[in-house]
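Computed from a prediction, not measured in an experiment: that's the story for all the values here. Here is how names work: the chains are called A, B, and so on, in the same order as the sequence lines, proteins then strands, and each is numbered from 1.
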Amino acid sequence: MDLLGFVIAIVKALIVLVLMLSTIPILVWSERKLSAWMQDRVGPNRVGPAGLLQPLADVVKFLFKEEVMPQGAEKWLFVAAPVLTLVPALLAFAAIPIGDPIHLFGREVTLQLANVNVGILFVFAVGSLGAYGIVFGAWASNNKFSLLGGLRAAAQLVSYEVSLGLSIVGVLMLTGSLRLGDVVDAQAGTFFGFVPRWNLFAQPIGFLIFTVAAFAETNRAPFDLAEAEQELVAGYHTEYSSMKFALFFMAEYAHMITVSALLTCLFLGGWKVPGLEHIGLGPFLFGVVQTLAFAMKAGFVLFFFQWVRWTLPRFRYDQLMTLGWKVFFPLGVANVMLTGVLLLGSR
Amino acid sequence: MTVGVKVVKAPEMTVWERLYLPMVFKGLAITFSHFFRKSVTVQFPEERPEYPYGSRGLHRLNRDSDGRVKCVACDMCATACPANCISIVGQPSPWPDREKMPETFEINLLRCIFCGFCEEACPEDAIELTGIHDFASDSRENMIIDREGLLAVYDKTAPSRPRRAGKTASEGASNVEREGSLHA
Ligand code: SF4
Ligand code: SF4
């Protein structure tokens, strides 16, 4: 790799990191605002205009809180766990493309950190490492509530990772590639001239399973059993305070961002906007609009995540397991079969 | 069955409801409709809700028509007080129409439970509870209100809240009023 390529890679890495880390405060703010509006409240409105500086106040609060480590805690793991939760979520984003390659300084620059040919597998593999952080943190806390939360997180991960994997097999069969860019490219154009050729319409069952499993993956309500504050105090992060807790907190949102971007790529056509190429925008403007389209789609998914959180009550543990193994697993297998049969039939 | 047992059956869910997803979307629609409703929040220090006349807050010591403190230091309120938070030291009164007046009259607002028994016990209608409720402080000492403080509360609230003496409960209840903060 020459020097310019190296510099571009570094700059891209920095941009992705800064973008993700600066989206988290926005999500924290919107989570508060959305929940407030749904409950006929106002939400934060004292710190800055419309409470926009509330996340900043949160950060200051986290920084000045006392760091507590429980007696008998496994020191190394206890400290490492929050990092182990946050880093995979940030890492997984590396393989997610956010736009068509652009031409810069006379060379092609992909809008993606690592254009690996097994992109989807990479995202899944790295993204689910985050659960280790949760399990480690829970176990290292030397607290029974934390441990229960960790156990739940582990069981939940095993149950839903299977469905998550199965849900995208259909998509991969349609595309024939594990590269996320190819998956998005295959979604350009329309069905019958008006329905966007998104996998959402080609693979509705896969989309449903993926969405539900994504909630379980990110430990978001209605599957936030690892946290379950009514039963487990605060679940796996009961013993965490100050910035260590903040890292867990950020990790949840970072996971959400990654999963939303992945969902957008896999099922919502990524940055493809049907009919955009007929408008006749310049190549630069075209790229900007596409990337904006991607951000808006991912943003809507994020909004959906929060919307669901403030609507649905938490599942009971046995319901969660039943749903995972008895409903989504067979449904996923059936979806793969169905896709295979339809593909064969259309040959 | 000897004991009256009422068996409540959980309502059977229809297939549509058991599919779960339709109900999820119904729920999402409900929460979405709330986005556009008016919020019920009262922005407290700037906006003040209307409290009913009978709401019980900070005490005041009433003055009579000559501006003198009405209290005759009979100690009835202190006796009635279940929280034991009123302490009165009496002194001979300089006026011919009564024997005593309070030299000191202190209420420990941290101990007070705002039951209003003092107001009911007072034979002179000298002590009354106002609607003021925001009198937080950063020290315990500041939460003990003395005679002058109590009289000051009267001076502040008298225009908006005339003495309740002689009023029936229903007359009082119809008088919904708004009172300012003690520190405002
Ligand atoms: S309101 Fe009740 S507790 Fe408070 S001073 Fe009067 S009698 Fe005592
Ligand atoms: S406030 Fe009323 S009850 Fe209390 S000492 Fe004075 S006159 Fe007696």
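Looking at Leu208(A), the atoms closer than 4.5 Å to chain B (heavy atoms on both sides) all sit in the side chain, from C-beta outward. Contact of Val327(A) with chain B is not made at all, since no heavy-atom distance falls under 4.5 Å. Only the side chain of Leu21(B) comes within less than 4.5 Å of a heavy atom in chain A; its backbone stays farther off. When heavy atoms are compared at a cutoff of 4.5 Å, Trp307(A) approaches chain B by way of both its backbone and its side chain. Heavy atoms of Phe36(B) lying under 4.5 Å from chain A are absent altogether.
Looking only at side-chain heavy atoms (C-beta outward), Arg46(A) and Gln43(B) come within less than 4.5 Å of each other.
Around atom CE of Met296(A), no more than 12 heavy atoms belonging to other residues, nucleotides or ligands sit under 6.0 Å away. More than 12 heavy-atom neighbours from other residues, nucleotides or ligands sit within 6.0 angstrom of NZ on Lys61(A). Atom CD of Glu103(B) sits in a crowded spot, with more than 12 heavy atoms from other residues, nucleotides or ligands closer than 6.0 Å. Remark: Glu46(B) CD is packed, more than 12 non-hydrogen atoms of other residues, nucleotides or ligands lying under 6.0 Å away. Counting non-hydrogen atoms of other residues, nucleotides and ligands closer than 6.0 Å to CZ of Phe62(A) gives a total above 12. Counting heavy-atom neighbours within 6.0 Å of Glu12(B) CD, excluding the residue itself, gives a total of 12 or less.
Residue Leu28(B) holds its CG atom at 6.0 Å from CG of Leu312(A), rounded to the nearest 0.5 Å.
Lys38(B) and Asp40(A) get closest at one heavy-atom pair: O-CB, 4.2 Å.
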